[in-house]
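So the structure is just underneath, and the comments pick up after that.
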Amino acid sequence: MRVDFSYLPQQFENSEEIFADLRKLVASCDFTLGPYVEHFEKKFAKYIGVRHAIGTNSGTDALILALKSLGVGPGDEVITVPNTFIATVGAIVDTGATPVFVDCNSQMQMDCDRVEAVITPKTKAILPVHWSGWPAEIDQIMQIAEHHGLQVVEDACPAAGATFRGRHCGTFGHVNAFSMHPLKLLNVWGDGGVVVTDDDDLAAFLRLYGNHGLKDRDHAEIWGVNKRLQPFQAIVGAHQLETLDRDLEKRRRVAARLDLSVQKFSDFIAVPPRSDGANGAYHMYMLRAQKRDELVDFLRSKDIDCKVHYPIPLHLQTAAKGLGYKRGDFPECEAQAGDVLSLPAHQFVTDEQIDYMVACISSFYYS
Ligand SMILES: Cc1ncc(COP(=O)(O)O)c(C=O)c1O
């Protein structure tokens, strides 16, 4: 039996409705912004529960736009975590600001108890990540930010559809970012992203700056750049939104069954604590496993396509050399980098595949 990590072939097996809209787009030749992008943006804003959603050409650009809209730039510090995808920190550095790391907790999310210790007069924003699509403790982060007069940008790139106490991740911070990269559940046949906010002025800036600073065809209000979402991708995204909740429910069911099934390996495998009120998007189904690297090799030899997200924390990357961190600075994150494992647990994984994965894990540890 095979268990693939990618779900894309099944997700797009029948894309006739998307192709029908794409034909209309091609007939219209309206290839920049326009009605399809507007339609997607309105639909996404409604789904998430925000006033403004602006399509971008990647989640990374959504993060950069978010930070820029809050005036983050050279001389500023932005607090984030070292256990995330490289783009979170790349976006901070791109604005000219300095990333400042805090360790993660056992849920693999920003450890709120450590945030205040790294706030300095230069701190401008906190950038929590809903890592793996699981909600960070965003209510506490908002409280800390408010207390210290800081802005919050949620990296909700992997978390479209995740909720915290009934409210969507990506609606708590001042300006927040989502990715629609092919490896995200809501994806658009290539790179794409969305930046969201409830603030009308910030939304106006985001639209202006991400579209060359142009107020209209002939008038530039500010110097800007091109970070627009493509209309054909907006079409794909609008269709994906129709099935997102259904697919999320399937992922949650797969995750719940896996959580239950791996309990019997508690001497070897730990499931991150699932806090009350958090409803994850399970962008990745991550566990902590003893003898992780051997287990990965074993599962792959059994055609189970598992992954490691990620073996090297960001503060130990070559790119981070100038930031002055060293091994030992973030013990929880470093320990997790040594034993995290992502199993294929997407919406098309069947009960038989779950049982097969569990049987293989059992035979790895017990035979
Ligand atoms: C946590 C996180 N932040 C940022 C990004 C960047 O998104 P993109 O690949 O769309 O630029 C991703 C995903 O790739 C991510 O998982």
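A quick note: this is a predicted structure, and the numbers were derived from the prediction, not measured. One is the number of the first residue; the rest follow in order along the sequence. Indexing begins at 1, ligand by ligand and atom by atom, following the structure's order.
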* Hey, which atoms in ligand 1 end up nearer than 4.0 Å to a heavy atom of Thr84? -> 1 (C)
* Asked: Is the Phe330 ring parallel, tilted or perpendicular to the His315 ring (thresholds 30°, 60°)?
  -> perpendicular
* Asked: Counting each atom of ligand 1 from 1 as listed, which ones have a heavy atom of Phe85 under 4.0 Å away?
  -> 2 (C), 5 (C), 12 (C), 13 (C), 14 (O), 15 (C), 16 (O)
* Structure fact -> atom 11 (O) of ligand 1: closest protein heavy atom, distance to 0.1 Å, is Thr60 OG1, 2.5 Å
* May I ask you to check if ligand 1 and Gly59 share an N or O to N or O distance below 3.5 Å? => yes
* **Residue Ala87 vicinity, atoms of ligand 1 by number, heavy atom under 4.0 Å** => 4 (C), 5 (C), 6 (C)
* Close-contact set for ligand 1 against Val129 heavy atoms, below 4.0 Å -> 1 (C)
* Who gets closest to atom 14 (O) of ligand 1 by heavy atom: His181, Lys184, Met180? -> Lys184
* Do Asp155 and ligand 1 have an N or O pair less than 3.5 Å apart? -> yes
* Structure fact -> Only one of Asp247, Asp351, Asp259 passes salt bridge (Lys or Arg N to Asp or Glu O under 4.0 Å) with Arg253, and that residue is Asp351
* Is it true that the side chains of Asp200 and His52 contain a donor and an acceptor less than 3.5 Å apart? -> yes
* Go through ligand 1 atom by atom and flag the ones less than 4.0 Å from a non-hydrogen atom of Cys157. => 2 (C), 3 (N), 4 (C), 5 (C), 12 (C), 15 (C)
* Can you find a side-chain donor-acceptor pair between His239 and Asp21 that sits under 3.5 Å? -> yes
* Structure fact -> To the nearest 0.5 Å, atom CD of Gln107 lies from atom OG of Ser132 at 10.0 Å
* **Cluster link Leu287 to Val308, ILVMFWY, side chain under 4.5 Å** => yes
* To do: Using the six-membered ring wherever Trp is involved, compare the ring planes of His346 and Tyr7 and label them parallel, tilted or perpendicular (cut-offs 30° and 60°).
  => tilted
* Are any of the N/O atoms in Asp191 less than 3.5 Å from those in ligand 1? -> no
